[in-house]
Every structure is written in structure tokens, then in C-alpha cells.
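See structure below.
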Protein chains: 2
Amino acid sequence: MRVRNLDVAREAGVSPTTVSLVLNDRTQVALAPETKRRVQEVAARMGYRPNLLARSLLSGRTQTLGVIIPSLSSSYVARIVEGMQEEAGDSNQQLLLTDTRHDPETEAAQMELLLRHSVDGVLIVTGESTLRSLPERLRVLREAGVPCVVIDDQSHAEQVDCVVSQDRIGAEMAVTHLIELGHRRIAHLSGGSGTSTARDRLSGYRRALKRASIPFQSEWVAGRSFSVAAAAQALEALVSLPKPPTAYFAANDRLWAEAIQALRPRSARLLRNAAVVGYANYDFSAYLGISSVDQSPQSLGKAALRRLLDRIETPSMPPQCLELPVNLVVRNSSKPVGSSAP
Amino acid sequence: MRVRNLDVAREAGVSPTTVSLVLNDRTQVALAPETKRRVQEVAARMGYRPNLLARSLLSGRTQTLGVIIPSLSSSYVARIVEGMQEEAGDSNQQLLLTDTRHDPETEAAQMELLLRHSVDGVLIVTGESTLRSLPERLRVLREAGVPCVVIDDQSHAEQVDCVVSQDRIGAEMAVTHLIELGHRRIAHLSGGSGTSTARDRLSGYRRALKRASIPFQSEWVAGRSFSVAAAAQALEALVSLPKPPTAYFAANDRLWAEAIQALRPRSARLLRNAAVVGYANYDFSAYLGISSVDQSPQSLGKAALRRLLDRIETPSMPPQCLELPVNLVVRNSSKPVGSSAP
DNA sequence: TTGTAAGCGTTATCAG
DNA sequence: CTGATAACGCTTACAA
């Protein structure tokens with residue numbers, strides 16, 4: 001059915017060995033130019049496609065990497081994967097993509113399958129819901145001897161490579177920007193304390209306030225997780241204060257946008273025109289005119305994949321945590337104090 | 001290193017055959033319950049993970065499907081992939097995801113790799129830029145005997161399974177909706193004539209007008225491709241007419257949103273408040289309050305994958321084109337005539 | 001009821 | 001410079 005090495009060999013009147021040598025450009029051994037030419041010609045004519053399964057069985061390498069993500073719904077995650085794709089294409093690696101649907105059990109099952117497929121390595125993008133089970137996943141990978149890089153969480157930086165963005169610095173930039181616009185009453189819509197990224201952003205917020213000698217008030221930190229309902233409620237409360245915030249720093253653009261959707265019309269109108277800087281710079285952030293801290297997720301993905309390939313090449317390197325720079329994208333929502341509704 | 005069948009067999013004091021029989025639940029042959037129990041226990045204890053490569057080499061099946069997409073940047077595409085994931089998970093299939101970066105050559109190369117990896121089938125989400133080379137891709141797949149399902153294009157419905165959404169009907173719904181709001185001067189921001197979906201949407205637009213006895217005017221159809229620059233220019237022209245449109249039907253929400261970004265401020269302000277119905281219902285469509293035709297891309301992905309599995313099971317079925325229903329999501333931008341700027 | 005042996009397509013080794 | 005042979009890990013006839 002499918003053309004095999006042996007078929008090409010017979011047709012070209014040589015042995016399978018020779019075919020293999022020619023097609024894999026083994027320059028270590030000298031091949032008669034005429035033989036080489038003939039084999040190549042025959043292989044092309046017959047449409048020979050080497051069976052990578054067989055090769056992998058022998059070599060122990062599949063040129064295949066597993067990617068575990070919470071879900072593709074987030075365009076942030078999608079861009080990370082896009083970055084991986086790009087880098088993978090350049091190294092002839094294929095990506096086996098699996099999403100966990102935010103479910104640790106699904107994640108475990110999917111990883112098991114990836115290992116049975118003998119992936120050469122695994123890239124894990126952590127999500128809030130699968131964070132707790134991450135140590136278990138890492139343990140399994142270590143036992144299987146399969147290298148791994150974690151994206152967006154550095155709580156296991158001692159054991160495993162990770163790639164994150166400079167969240168604390170990004171948050172500090174955002175809040176400092178608002179301060180420079182004259183704001184003093186700046187609230188923070190937080191992503192909670194479950195993820196290290198959310199914690200870092202809160203920490204950056206506090207640092208920026210401190211540097212400007214603005215006292216930190218815990219009541220002005222809203223939101224305990226990336227959940228929309230909680231965020232909306234918290235915003236509602238802030239807006240209704242006698243002296244409401246004049247500006248907001250949101251730990252996540254999507255959280256901000258969706259929370260606004262869930263508000264009462266009056267509050268929603270207020271916040272749509274509020275001074276705000278968000279985080280993650282989704283594509284819609286531009287459409288909404290929201291200033292945002294951009295992490296260039298593609299770069300995260302690319303860096304993670306490159307790191308994984310290095311790790312596969314040199315398993316003995318000490319684990320390393322890469323922190324990629326972020327940059328602030330200024331848009332309409334960067335309003336000076338006093339220019340917008342409260 | 002990695003535990004093999006043979007290791008388990010030795011440890012359990014049986015032959016590899018027995019291990020295989022037990023772990024694959026071959027009920028055709030009777031196994032001593034005691035043997036069965038012991039083998040299972042030993043396999044679990046040793047952490048045995050069957051090597052799917054070896055199994056595939058023998059069986060000719062890899063439980064692996066190739067997915068070719070233009071790019072993950074589009075959340076529409078991302079959702080299609082998400083749907084596939086969901087369905088794949090339920091059938092123990094893994095997805096090898098590759099993006100073409102809108103480049104036919106990359107697509108060709110990626111598909112070649114997928115075939116070398118012996119995927120059991122391929123799912124192709126067409127993009128404007130890779131549409132021209134689709135016949136060539138299909139030819140290669142046919143020659144390789146690898147089943148395939150095309151999503152979002154039905155120009156090859158006779159040769160190959162395809163899954164699309166009811167674009168003409170969706171467009172008709174959208175425009176009829178605007179007509180019911182009292183509009184008569186309705187423009188269409190088109191995706192051009194390159195893709196069958198864009199053509200269908202234009203055709204639905206015309207049909208809705210016709211049913212309402214509103215004469216069709218080709219000057220009111222703007223945009224010749226999904227390119228932003230072209231769209232912006234066309235919109236600018238329409239807005240500047242002495243009697244501009246009172247409503248717009250956009251072939252794509254993203255195209256609309258990005259075109260508006262590129263307009264001069266005055267025109268942008270006008271269009272941000274215009275009566276408009278878009279298409280594809282991106283997540284940001286909700287944030288912007290744009291009414292939109294929703295194709296439930298997840299369903300597309302799920303249906304496509306299911307179809308592919310059926311096709312793999314029964315290669316002889318005649319090719320079929322599935323048209324999935326769409327539904328109109330009404331939001332703020334559904335303004336009655338006269339209520340909005342021009 | 002279980003074991004032996006062959007073979008899937010490839011490449012590494014070594015002999016010629 | 002090229003060919004024979006074995007081996008990767010698994011499943012499956014067939015034999016015991």
C-alpha cells in the first residue's frame with residue numbers, strides 16, 4: 001500500500017541500507033554519486049514517505065512535543081501556543097495539543113496519553129484550576145524521564161524550567177503610569193491569590209503606591225479569583241463608595257471587560273469611561289481602547305519551546321526560570337485625573 | 001529504562017503474550033482470573049506504559065489526527081479547535097496541531113510531516129490565503145489514502161467531506177433583522193469573493209433585500225477581501241456619501257472592529273454608534289455590544305471530528321457536506337432606524 | 001489456558 | 001562503497 005524503504009530499494013536495485021543512507025544524507029560514508037542520484041530519483045518518483053513511527057521506535061525520539069493548556073478560549077493562551085508553533089516549525093517538531101478543560105483529572109489522563117505516545121517533552125501552561133495538581137504532574141514526568149517546561153507559574157522553579165513574564169514589574173509600570181496621570185485613588189481589580197501571576201501583580205501595585213508614598217488600603221483591592229461574578233460585585237461596591245476610585249488597575253483585561261458586562265447599567269457606564277490600565281493586551285483591548293500591559297505571549301511560547309529543546313539536548317542543565325519583559329500599551333483609557341466620570 | 005511489556009511479563013512470571021492479552025482485555029480468550037489479577041497488579045506497580053509507537057507500527061493506526069489551521073490568532077478558529085479537542089478527548093484521539101501562518105508552502109510542508117507521522121486523518125480549516133492550494137492538498141491526501149474533512153469551505157463538496165455553517169441563511173437573518181428595525185439603506189462590509197463563506201454572506205444579504213423589495217446597489221457593498229485597509233477605505237467612502245447608510249451588515253466582526261480602528265476619528269465615532277450586525281460572534285463582540293450571527297464554532301469542530309472518525313471507520317461512504325445552523329445574537333448595536341447617528 | 005515466533009518499517013553495526 | 005542482519009516494543013497466529 002504505502003511505499004516503503006524496501007520498495008524503493010528494489011526498484012532502484014539497491015539495498016534498504018543504501019536507501020536509508022542516501023535519504024538521510026549520511027555524509028560520513030561515501031556514496032557513489034550515481035547510486036545517490038538514482039535512489040533519490042526513484043524515491044521521489046514513487047512518492048516515498050519515511051515512516052517516522054518506525055524510526056522513532058528505534059531512535060527513542062519522536063520529534064513530538066506535548067502541550068497541555070487549560071483551554072484555547074483564552075486568546076492569551078492561544079497566542080502562547082502560536083508562539084510554540086512558530087518555533088516548533090523551525091525545528092521540525094510536531095505539537096500534540098491537549099486541553100484540560102480546567103479539570104485536573106482530564107489533565108492527568110491527557111498527560112498519560114502523551115507519555116504513551118512517547119513525546120520527547122511536555123509544555124505546560126498552568127491554569128488556576130489545575131495549579132494544585134501541578135506537583136503531581138511534575139512528579140510523573142520526572143519519573144518518566146520526560147523533560148518539561150512550565151509557563152506562567154514559577155512556584156516550582158527549583159525543580160523545573162519555567163517561563164513567565166515580569167508580572168511585578170508590569171504591574172508597577174501600569175500603576176506608576178496612572179499615578180503620573182495624576183491619580184491618587186487607584187483601585188486594583190485582582191486575580192486573587194491562587195496564581196503566582198495574580199500575586200505578583202498585586203505586589204507590583206503595592207510597590208508602585210509605596211514609591212509614590214500613597215498608603216495602601218486593602219478595601220481597594222477587589223476580586224478574589226479570575227471569576228467574573230466576584231469581580232463584578234467588588235467593582236459595584238467600589239463604584240458606590242462616597243469617594244470612589246479615580247482610576248483602576250485590572251489584573252486582566254478580560255476579567256475587566258466581562259465584569260463590566262455583569263454590572264448594573266449605571267455602574268457599567270461609569271466604568272466604561274473610567275481611567276483604567278489592564279493586563280494581557282487581548283486583541284479586544286485595542287477595540288475597547290483599554291491601555292494594557294502586553295506580555296507578548298508569542299514570545300513566551302517561543303522561549304518555552306526553545307528552552308524545552310535545549311533541555312532535551314542537555315538534560316543535566318540546572319533548572320532555570322526565564323522572566324520575559326513586558327511593555328505598556330497606552331490607549332484612550334489612560335485618562336488624566338479629573339477628565340473622566342469619577 | 002522505561003518499563004516494557006517484557007519486564008512486566010518476567011516480573012509476573014508469564015509471557016509477553018499474556019500481558020498483552022490481559023491489559024487489552026481480550027475477552028475472546030479465557031484467562032485464569034488469578035493470572036489476570038497478578039498481571040494487572042504487577043503492571044500497575046511497575047508503572048507500565050504501553051508504547052503506542054510499537055502498537056501503531058503493527059496496527060497501522062496511530063490514534064492521532066492532524067489539524068491544519070491558518071492561525072490560532074482568530075478566536076473563531078481557536079474555538080473550532082476547542083470543539084475538536086472535546087470530541088477527540090472522548091475518543092482517545094490525539095491532535096497534531098499545525099498552523100500554516102497563511103502560507104501555502106508551510107501548509108504543504110506541514111502536511112507532509114503529518115503524513116510521515118502516519119496520522120489517521122486530517123482536519124483542514126481553510127483560510128483565504130491557503131484556499132487556492134486546497135485542491136493540491138486534497139490530491140496528496142487522496143493519494144496517501146488518508147481521510148480528510150474540510151471546515152469552512154464547500155467548494156470541493158463532491159470529493160471530500162466538509163462541515164460549514166449556514167452562511168447564506170445567517171446573513172439573511174442578520175439583514176432581515178435590520179430591515180425589521182426599519183432600515184432601508186443597508187450597506188454590506190463584505191469579505192470579498194475569495195472564500196465561499198464570504199460569497200454566501202453576500203448572497204444572503206442580497207436575498208434579504210430582495211424579499212423586502214429593496215433594490216440591490218453594488219456601490220453599497222464594501223470590501224474585497226478580509227484585509228483591514230481595504231475595508232477601512234470602503235467604509236470611509238460610504239460614510240461620506242450625501243445619503244449614507246443607516247445600517248451595516250458586516251461579514252465579520254473582527255473586520256468591522258479593526259476597520260473602525262483604522263478610520264479617521266470622525267468616521268470612527270459615527271460607526272461606533274451605527275446600527276450594525278456582524279458575523280462570527282467573537283468574544284469581544286459582546287464587550288463592544290455588537291449584534292452578531294453566531295456559528296457556534298465549537299459545534300463545527302466537534303461535527304468535523306466526528307465525521308472524520310466515521311470516515312476512517314467507513315471509507316466507502318459518499319462524501320457529505322454538513323451545514324450547521326447559526327443563530328442571531330441581538331445586542332445594543334441593533335438600533336432602530338433614526339435612533340443613531342446617520 | 002499460555003507460550004513461541006514472526007513481523008510491522010526503519011536504521012546501526014559490521015562484514016565484504 | 002554497499003549489503004546482510006539484528007533490533008526497537010508490541011500484537012497475533014499458531015502451537016503446545
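Just so we're on the same page: letters track the sequence lines, and every chain starts at 1. Hydrogens, waters and symmetry mates are skipped; everything else that's a heavy atom, side chains included, is used.
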Given [options], identify the nucleotide with an atom nearest to the side chain of [X].
X	options	result
B:L58	C:dC8, D:dT2, C:dT10	C:dC8
B:R4	C:dT2, D:dC10, C:dT10	D:dC10
A:S20	C:dT11, C:dT2, D:dC10	C:dT11
B:Y48	C:dG9, D:dC10, C:dT11	D:dC10
B:A54	C:dT2, D:dC10, D:dC8	D:dC10

Roughly, in whole Å, what's the span from [atom1] in [X] to [atom2] in [N]?
X	N	atom1	atom2	value
A:H117	D:dG9	NE2	C1'	15 Å
A:Q63	C:dT10	CD	C1'	14 Å
B:R55	D:dG9	CZ	C1'	11 Å
B:D25	D:dT12	CG	P	13 Å
A:L52	D:dC8	CG	C1'	15 Å
A:R49	C:dC8	CZ	C1'	18 Å
A:L53	D:dT11	CG	P	14 Å
A:N24	C:dT13	CG	P	14 Å

Excluding sequence neighbours, so at least two apart, what forms side chain to side chain contact (heavy atoms under 4.5 Å, CB included) with [X]?
X	value
B:A88	B:Q93, B:L95, B:L305
A:E143	A:R139
B:S316	B:T314

Any donor-acceptor pair under 3.5 Å from A:N24 side chain to A:S20 backbone: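 Between the backbone of A:S20 and the side chain of A:N24 there is a qualifying donor-acceptor contact (under 3.5 Å).
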Using the 3.5 Å cut-off, write out each protein N or O paired with an N or O of nucleotides 3-6 of chain D and the distance between them.
{"residue": "D:dG3", "atom": "OP2", "partner": "A:S15", "partner atom": "N", "Å": "2.9"}
{"residue": "D:dG3", "atom": "OP2", "partner": "A:S15", "partner atom": "OG", "Å": "3.3"}
{"residue": "D:dG3", "atom": "OP2", "partner": "A:T18", "partner atom": "OG1", "Å": "2.7"}
{"residue": "D:dA4", "atom": "N6", "partner": "A:T17", "partner atom": "OG1", "Å": "2.6"}

Answer with base, sugar-phosphate or nothing: what part of the nucleic acid does [X] contact at a heavy-atom distance below 4.0 Å?
X	result
B:S56	nothing
B:T35	sugar-phosphate
B:N5	base

Salt bridge (charged side-chain N to carboxylate O under 4.0 Å, His left out) against B:E112, all qualifying residues, sequence neighbours excluded: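 Expected list: A:R49, B:R116.
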Exercise: do [X] and [Y] side chains pair donor with acceptor under 3.5 Å:
X	Y	value
A:S73	B:E82	yes
B:S165	B:E323	no
A:R142	A:Q159	yes

Spacing of OG belonging to B:S299 relative to CZ belonging to B:R306, to within rounding of 0.5 Å: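 Answer for the OG-CZ pair, B:S299 versus B:R306, is 8.5 Å.
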Show me the protein contacts with nucleotides 14-16 of chain D, counting only N or O atoms at under 3.5 Å.
none

Heavy-atom check, side chain of B:V77 versus side chain of B:S71, under 4.5 Å: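 A side-chain contact under 4.5 Å is absent here.
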